[in-house]
A.B. asks: 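I have a structure I would like to understand better, so I am pasting it below and will then ask my questions one at a time.
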Amino acid sequence: MGYYSSCSSYYSWVHILILATFFVAPDVVQCRVRHYKFDVVTKNTSRLCSSKPIVTVNGKFPGPTVYAREDDTVLIRVVNKVKYNVSIHWHGIRQLRTGWSDGPAYITQCPIRPGHSFLYNFTLTGQRGTLWWHAHILWLRATVHGAIVILPKLGVPYPFPKPDHEAVLILAEWWKSDTEAIINEALKSGLAPNVSDAHTINGHPGPLANCSTGGFRLGVEPGKTYMLRLVNAALNEELFFRIAGHTLTVVEVDATYVKPFKTDTVLIAPGQTTNVIVSADQSAGRYMLTASTFMDSPIAVDNNTATATLHYSGTLSSTPTVLTATPPLNATPVANKFTNSLRALNSAKYPANVPLKVDHSLLFTVGLGINPCPSCKPANGSRVVASINNVTFVMPKIALLQAHVFNIPGVFTTDFPGNPPAPFNYTGPPPSNLATSSGTKLYRLAYNSTVQLVLQDTGIIAPENHPLHLHGFNFFAVGRGLGNYNPNVDPKNFNLVDPVERNTIGVPSGGWVAIRFRADNPGVWFMHCHLEVHTTWGLKMAFLVDNGSGPNESILPPPSDLPKC
Ligand SMILES: *[C@@H]1O[C@H](CO)[C@@H](O)[C@H](O)[C@H]1NC(C)=O
Ligand SMILES: *[C@@H]1O[C@H](CO)[C@@H](O)[C@H](O)[C@H]1NC(C)=O
Ligand SMILES: *[C@@H]1O[C@H](CO)[C@@H](O)[C@H](O)[C@H]1NC(C)=O
Ligand SMILES: *[C@@H]1O[C@H](CO)[C@@H](O)[C@H](O)[C@H]1NC(C)=O
Ligand SMILES: *[C@@H]1O[C@H](CO)[C@@H](O)[C@H](O)[C@H]1NC(C)=O
Ligand SMILES: *[C@@H]1O[C@H](CO)[C@@H](O)[C@H](O)[C@H]1NC(C)=O
Ligand SMILES: *[C@@H]1O[C@H](CO)[C@@H](O)[C@H](O)[C@H]1NC(C)=O
Ligand SMILES: *[C@@H]1O[C@H](CO)[C@@H](O)[C@H](O)[C@H]1NC(C)=O
Ligand SMILES: *[C@@H]1O[C@H](CO)[C@@H](O)[C@H](O)[C@H]1NC(C)=O
Ligand SMILES: *[C@@H]1O[C@H](CO)[C@@H](O)[C@H](O)[C@H]1NC(C)=O
Ligand SMILES: *[C@@H]1O[C@H](CO)[C@@H](O)[C@H](O)[C@H]1NC(C)=O
Ligand SMILES: *[C@@H]1O[C@H](CO)[C@@H](O)[C@H](O)[C@H]1NC(C)=O
Ligand SMILES: [Cu+2]
């Protein structure tokens, strides 16, 4: 099938992007140490009527899939051959004691400058499933992203019947213009950036879009079962995923197993991954796959649906494609039905270790704001910002983890507020003053302390669903509701038995979500909205987790090639 797997040699992954085929999980061996090389290079493309250079890894869009097994150590040399500063984040990888390899620029590392390289070095401990990697600087992740497939340890089965074949499906977002020009224009004006021009499935918008280069085709054989590893790599939009005429069985999200359930629609937010099993149990033919936008508040979005085709072998060319309707753009009930169906598998082998005792009980408001900006003429002298607990995060000039470990003063403070500084009716009429404060504030946690964090949306400018991503940890989503979180009532309804475990969670529009995690990973860990526009506007903060006192409870020493600022 054109795949190649080796533990010890550098190679450029030959990604199988042949139309009308299916991917087969490579025959991945267990490696003590596994090597990859990522060359960050510019590549010309001609998709959606635009022929523009894009930044890629190894010239691929989407980028190469990293295949590995649980317990492998992965070494990935990233070589920067483009004009931009670059860093790569391994989204959802726990990075136990290896925060240096997490990747967010100016949080755990200084960027890799043009002409330089950095060796990411991490071990896959206690995780198996689909994750993904992406650039974590500027808006480069629009085209610099790919899947990470962590197979169970050799010989360990999936906790569900083994599918006959597997495929990676990366959902993404495409602008005809250069994405750096899009965000720079927005920052200058003070207004929201232009929405994208299309969504894509494995790099292709599909036959429904104008000027398409042909849609992605997933070839299937009648009677076989397929595991689709879905990744939402879009910058700013949550997506619904469907396959005409087929039921999907969800078995895993964010590389944690869930109690399998059947659905006709998957909801997937930027940053999230979802594994579904589909049986090729329909009559031979072509069936449409759709990735369509979910937005249940009055915010401008790209509502173009990306399409691909499930193509049965033996289909006559005259057979018409079976279409599917997409859920309405604002289909909150469809979204809720999916979200409420997610439960941790919580088996003897894969228990849900929900922290039952809480050391830090935190309430963070997440939302937008408006600050003065004299130069922002199009926005009449103001600009849209975003904040957590009214703090618009200011990016430091020196990476926070370095400042922490090397004791460099003046880079950050540890006074991030654990509660809103001035409580208000978060989901009611907005306060008269929409301004935010700003700073590079961290929240400090002792090693192994436990956190309950309620993320509360605000209605400032508009209520909106924010997919929050926490680096360095998985968390359990123990509760969720509409309106303002009520600490006297809502905890009674928390699910502390089998809540879904993940690394990215949607805070519902005009509502809240409660998560719990154990701070068992020393380092500095970013938490931010995975809508790139909100992150850019400042909806981000970081947790500082101290070393523990035990032998394996300190962050490892920094690698010698760590980039300098
Ligand atoms: C890529 O496109 C740019 C302009 O967009 C052009 O200058 C350059 O020659 C192209 N490179 C290749 C290899 O086609
Ligand atoms: C990777 O990190 C481990 C520590 O976790 C270290 O022992 C090893 O030498 C590193 N490998 C390389 C090639 O730097
Ligand atoms: C954003 O959209 C506006 C209006 O369509 C257009 O004039 C502008 O050129 C776009 N910006 C970029 C960077 O493409
Ligand atoms: C497709 O073409 C139509 C008609 O020219 C236009 O209105 C629409 O915006 C185009 N869609 C995309 C995705 O470019
Ligand atoms: C998609 O958005 C465009 C521009 O806002 C709007 O004109 C169109 O009606 C929308 N289409 C759907 C199906 O919502
Ligand atoms: C700026 O002010 C003009 C004139 O009052 C108004 O028409 C326009 O909508 C304002 N723009 C924004 C972004 O507030
Ligand atoms: C934590 O432990 C590491 C490794 O022992 C050490 O380098 C570091 O100085 C310790 N303290 C902090 C604040 O990182
Ligand atoms: C908050 O505002 C909403 C909407 O106006 C209202 O229904 C609710 O009663 C308010 N809550 C409180 C605690 O004032
Ligand atoms: C946020 O901070 C700004 C600046 O200090 C202040 O003016 C505003 O009232 C605060 N808003 C809230 C909701 O705390
Ligand atoms: C962390 O705390 C839990 C609960 O108090 C305890 O059972 C566990 O041993 C601790 N782990 C470490 C590494 O200290
Ligand atoms: C610390 O880690 C090493 C290497 O992974 C392991 O051999 C040792 O047993 C661990 N020690 C403790 C106390 O967990
Ligand atoms: C790249 O990063 C370095 C280190 O932080 C910084 O000094 C430099 O200005 C950055 N370059 C660009 C083009 O942003
Ligand atoms: Cu957001």
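Just so you know, these numbers come straight off a predicted model, no measurement behind them. In what follows, every heavy atom counts, from backbone to side chain, and hydrogens, waters and symmetry copies are set aside. Counting starts at 1 for both ligands and their atoms, in listed order.
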A.B. asks: Less than 4.5 Å apart, any side-chain heavy atom of Glu173 and any of Asn236?
C.D. replies: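 Yes, side chains in contact.
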A.B. asks: Return yes when atom NE2 of His116 has more than 12 non-hydrogen atoms of other residues, nucleotides or ligands closer than 6.0 Å, and no otherwise.
C.D. replies: no
A.B. asks: At less than 4.0 angstrom from any atom of ligand 9, which residues have a non-hydrogen atom? List them by chain and residue number.
C.D. replies: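 Contacts of ligand 9 under 4.0 Å: Asn390, Ala422, Phe424, Asn433, Ala435, Thr436, Ser437.
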A.B. asks: Got an N/O contact under 3.5 Å between Asn85 and ligand 12?
C.D. replies: yes
A.B. asks: What I want to find out is whether Asp197 reaches Lys176 closely enough, with some N-O distance under 4.0 Å, to be called a salt bridge.
C.D. replies: no
A.B. asks: Does Ser382 reach the side chain of Cys373, with side-chain heavy atoms less than 4.5 Å apart?
C.D. replies: no
A.B. asks: Under 4.0 Å between a side-chain nitrogen and a carboxylate oxygen: does that hold for Asp39 and Lys37?
C.D. replies: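 The answer is yes: the pair qualifies as a salt bridge.
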A.B. asks: Can you tell me if Cys110 contacts ligand 12 (heavy atom of the residue under 4.0 Å from the ligand)?
C.D. replies: no
A.B. asks: Please list, in number order, the atoms of ligand 7 under 4.0 Å from a heavy atom of Asn547.
C.D. replies: 1 (C), 2 (O), 3 (C), 8 (C), 10 (C), 11 (N), 12 (C), 14 (O)
A.B. asks: Please identify which atoms of ligand 12 are closer than 4.0 Å to at least one heavy atom of Pro111.
C.D. replies: 2 (O), 5 (O)
A.B. asks: So for Tyr84, does at least one of its heavy atoms come nearer than 4.0 angstrom to any atom of ligand 12?
C.D. replies: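 No.
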A.B. asks: For the residue pair Leu539 and His466, establish whether any side-chain heavy-atom pair is separated by less than 4.5 Å.
C.D. replies: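 SC-SC contact between Leu539 and His466 confirmed.
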A.B. asks: Would you check if Asn85 and Tyr106 make a side-chain contact, meaning some heavy-atom pair closer than 4.5 Å?
C.D. replies: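 Yes - at least one pair of side-chain heavy atoms lies under 4.5 Å apart.
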A.B. asks: Is Asp359 salt-bridged to Lys357, cutoff N-O under 4.0 Å?
C.D. replies: yes
A.B. asks: Please indicate whether any nitrogen or oxygen in Lys397 is less than 3.5 Å from any nitrogen or oxygen in ligand 12.
C.D. replies: no
A.B. asks: Before accepting this row, confirm whether a basic side-chain N of the pair Asp546/Arg444 lies closer than 4.0 Å to the acidic partner's carboxylate O.
C.D. replies: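 Answer for the salt bridge query: yes.
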